[in-house]
Amino acid sequence: AASDVYKRQDNVSVLYVANCDNVTVENVSFDVEGLFVVNSEGVVVNNSFFNLNELEVDAVRVYNSVNITIIGNSINTSNSSEEAFYAEYLNNSLIKSNDVKIIGTSYGLYLVFSNGNSFYNLTIETQNLTTIYFSDADNNTVIDSVLNSSQGGSVYAKGIGEDYLINVSFNKSSITISSDNETIAKIYVQWYLDVFVNRTDGASVDNALVEIWDVYSPPPNAGVIEVFTNASGWIERQTLTEFWKNKTTIYNYNNYTVRASKTGYTTTNQSVNVSTNRVVKLQIDYVPVVSDVYITPSEPSTSDDLNLYVTCGDEDNSTLTAFWKWYKNSVYTGLYGNATINAGQNTLITTLGSGNTTPEDNWTAEVWCSDNVVESSKVNTSVVITWCNATLTESLTLTHDVNCPGTAFKIGADNITLDCQGHTINYSTSQQGYGVYINYDNVTVRNCTIRQASSVNDSHEFTLGIVMMTCL
């Protein structure tokens, strides 16, 4: 009857459950034929023992039923040509932690027109060539199980349907597919992947993005799996396909790539061959950041040294190494170096002497920082050497205005022409000086507008536009 409970009964020959719902069979010992479930729903079979010696008898046979639960049973058969577990039109049922041992030619598990069933923690041992037989069965999953056949066979599928083996130990070379349509029946072989992300100091990294893709679906394809680490640094366990097989083809998904990243951290990836369960551990680290870099003075003349300052930050290091290279007009000069700095502290790391510069040179410093494991991005800062306080030993034609804190030009040879082409010389913007200082013969200054900054007292004898010490 519906909702009946049968338990603690020994030496039961056979038990029929027909047209009954929510029946429980518990702690029952079967010794002749076994259990038959027909046209029923919600039947539960727990912790029972099937020790059968009859020919052509199924230990458990289920027909046209749904939501059947069979957990923790032991099935031993001998001299039998039928199956330990046979199901026809069984749907959405759970079979878990059953131990099946067969002496004879029968199958361990035989499914016909049965869909959406889950089989967990099964141990099936048989002398038959096949431990599991799928016949026109679809979307059935065998999980965390062991399939052993003394004759080397494992899984057989025919007709239509796609069925799955997840973390199942069996002979993968002995999958047999028989189907009128060569592409319909498929067996998928899948495994677990666990991923842990931490830093080099061992601390776990939460909320790191872990991306997983197979050989056919690299980013940015839709097939990329994206999952984030939890507070312990682990992702939710993933199930990945090693291969699927139909009648004519084996489609192999290996190798997979696993990549971990997080804003402010490095990115790392690893190639994984998923032919069994895998645990992948990836290390990422904080990336040092160049937060500020500049050269003083900002408008240097040929008499000025170039002072390079940098500020670098790092979340997990108090000291860093700053590196630099100098470029002149975009060409590497061979001048380079490094210095130890405190994270977050603005530091003068090098000085380029004025003897290296000439007017209108563009000097660029390329700067980056390292924590001796990870390097920051490289950052550039540049200044242009002005004509201020420059000594002209050749004639000069200006192509732009000149702004100088003190003296703009000194003439340093005879027969020099300074042609401004209508540009302006602004001098003494912050200190006393001259626009043009002349102490040589036959000098020409033309097409120039020469202006003294108003911040300096006009009456001072040393703030003059043009000073000529000789007049030839």
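Numbers here are sequence positions counted from 1. FYI, side chains are in, hydrogens and waters are out, and symmetry mates aren't considered; it's all heavy atoms of this structure.
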Take L308 and T381, measure what side chain to side chain contact (heavy atoms under 4.5 Å, CB included) needs, and give me the verdict at the end.
CA-CA 9 Å; L308 178 61; T381 184; 4.0 Å; yes
I385 vs T358, test: side chain to side chain contact (heavy atoms under 4.5 Å, CB included). Steps then yes/no.
CA-CA 7 Å; I385 308 302; T358 55; over 6 Å; no
Residues Y286, N317; criterion side chain to side chain contact (heavy atoms under 4.5 Å, CB included); working and verdict
CA-CA 9 Å; Y286 287 114; N317 288 281; over 6 Å; no
Derivation and outcome, side chain to side chain donor-acceptor pair (under 3.5 Å), residues D138 and N115:
CA-CA 5 Å; D138 185 45; N115 306 317; 5.9 Å; no
Start with the C-alpha distance between N362 and N329, add both sets of side-chain angles, then the distance that settles side chain to side chain donor-acceptor pair (under 3.5 Å), and finish with yes or no.
CA-CA 5 Å; N362 185 316; N329 300 323; 5.7 Å; no
May I have the step-by-step check of side chain to side chain donor-acceptor pair (under 3.5 Å) for Y164 and Q190, ending in yes or no?
CA-CA 7 Å; Y164 300 83; Q190 300 178 322; over 6 Å; no
Given side chain to side chain contact (heavy atoms under 4.5 Å, CB included), test V25 with L15 step by step and report yes or no.
CA-CA 9 Å; V25 178; L15 178 62; 3.7 Å; yes
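In this structure, S271 OG and N254 CG are separated by 8.5 Å, a value rounded to the nearest 0.5 Å. Of the inter-residue distances, the one linking L122 atom CG with N73 atom CG reads 10.5 Å to the nearest 0.5 angstrom. Taking CD of E315 as the reference point, atom CG of D371 lies at 12.0 Å (rounded to 0.5 Å). Note: I68 CD1 to I71 CD1 = 12.0 Å, rounded to the nearest 0.5 Å. Interatomic distance, CG of N380 versus NZ of K325, reported as 11.0 Å (0.5 Å rounding). Annotation: the span from D314 atom CG to S291 atom OG amounts to 11.5 Å, rounded to 0.5 Å.
Taking the side chain as every heavy atom from C-beta outward, W363 and I295 never approach each other to under 4.5 Å. No side-chain heavy atom of I124 sits less than 4.5 Å from a side-chain heavy atom of S145. Counting heavy atoms from C-beta outward, I143 and Y192 have side chains that approach closer than 4.5 Å. Contact of the S118 side chain with the L94 side chain is registered, since non-hydrogen atoms from C-beta on lie closer than 4.5 Å. Residues V279 and W234 form a side-chain contact, since some pair of their non-hydrogen atoms from C-beta on lies under 4.5 Å apart. Under the 4.5 Å side-chain criterion, counting only non-hydrogen atoms from C-beta, I132 is in contact with L147. Contact check for F323 versus K378: no side-chain heavy atoms found under the 4.5 Å cut-off. You'll find the side chain of Y188 stays beyond 4.5 Å of the side chain of T141, heavy atoms only.
Side-chain atoms of K158 never come within 3.5 Å of backbone atoms of A185 as a donor-acceptor pair (strictly under, hydrogens ignored). Formation of a donor-acceptor pair under 3.5 Å by the N117 side chain with backbone atoms of N140 is not found in this model. One N or O on the side chain of K245 and one on the backbone of I175 form a donor-acceptor pair closer than 3.5 Å. Between the S40 side chain and the N19 main chain, a donor and an acceptor come within less than 3.5 Å of each other.
The 12-atom threshold is not exceeded at NZ of K281, counting heavy atoms of other residues, nucleotides or ligands nearer than 6.0 Å. Shown here is Y332, whose OH atom has more than 12 heavy atoms of other residues, nucleotides or ligands within 6.0 Å. Remark: E236 CD is loosely packed, at most 12 non-hydrogen atoms of other residues, nucleotides or ligands lying under 6.0 Å away. The neighbour count for E299 CD, taken as heavy atoms of other residues, nucleotides or ligands under 6.0 Å away, does not exceed 12. Within a 6.0 Å sphere centred on NZ of K328, heavy atoms belonging to other residues, nucleotides or ligands number more than 12. Heavy-atom contacts from other residues, nucleotides or ligands closer than 6.0 Å to OH of Y294 number more than 12.
A donor-acceptor contact closer than 3.5 angstrom is absent between the side chains of N67 and N92. Side-chain atoms of S382 and T364 form a donor-acceptor pair, as typed in the model, at a separation below 3.5 Å. Between the side chains of N167 and D144, at least one donor N or O lies within less than 3.5 Å of an accepting N or O. N307 and T351 share a donor-acceptor pair across their side chains, judged by distance under 3.5 Å alone. There is a side-chain donor-acceptor pair under 3.5 Å between N64 and N39.
Among Y89, Y86, Y63, F134, the one residue that satisfies the ring pair (Phe, Tyr, Trp, His ring centres under 6.0 Å) test with F113 is Y89. A side chain to side chain contact (heavy atoms under 4.5 Å, CB included) with S65 is found for one member of V38, V37, V17 and no other, namely V37.
With F36 as the aromatic partner, R61 does not meet the cation-pi criteria of under 6.0 angstrom to the ring centre and within 45 degrees of the ring axis.
Ring centroids of Y107 and Y156 are separated by 6.0 Å or more, keeping the two rings apart.
Taking the six-membered ring where tryptophan is involved, the planes of Y256 and Y253 are essentially parallel, since the angle between them stays under 30° and well short of 60°. Ring geometry for F85 versus F119: interplanar angle over 60°, hence perpendicular rather than tilted (30 to 60°).
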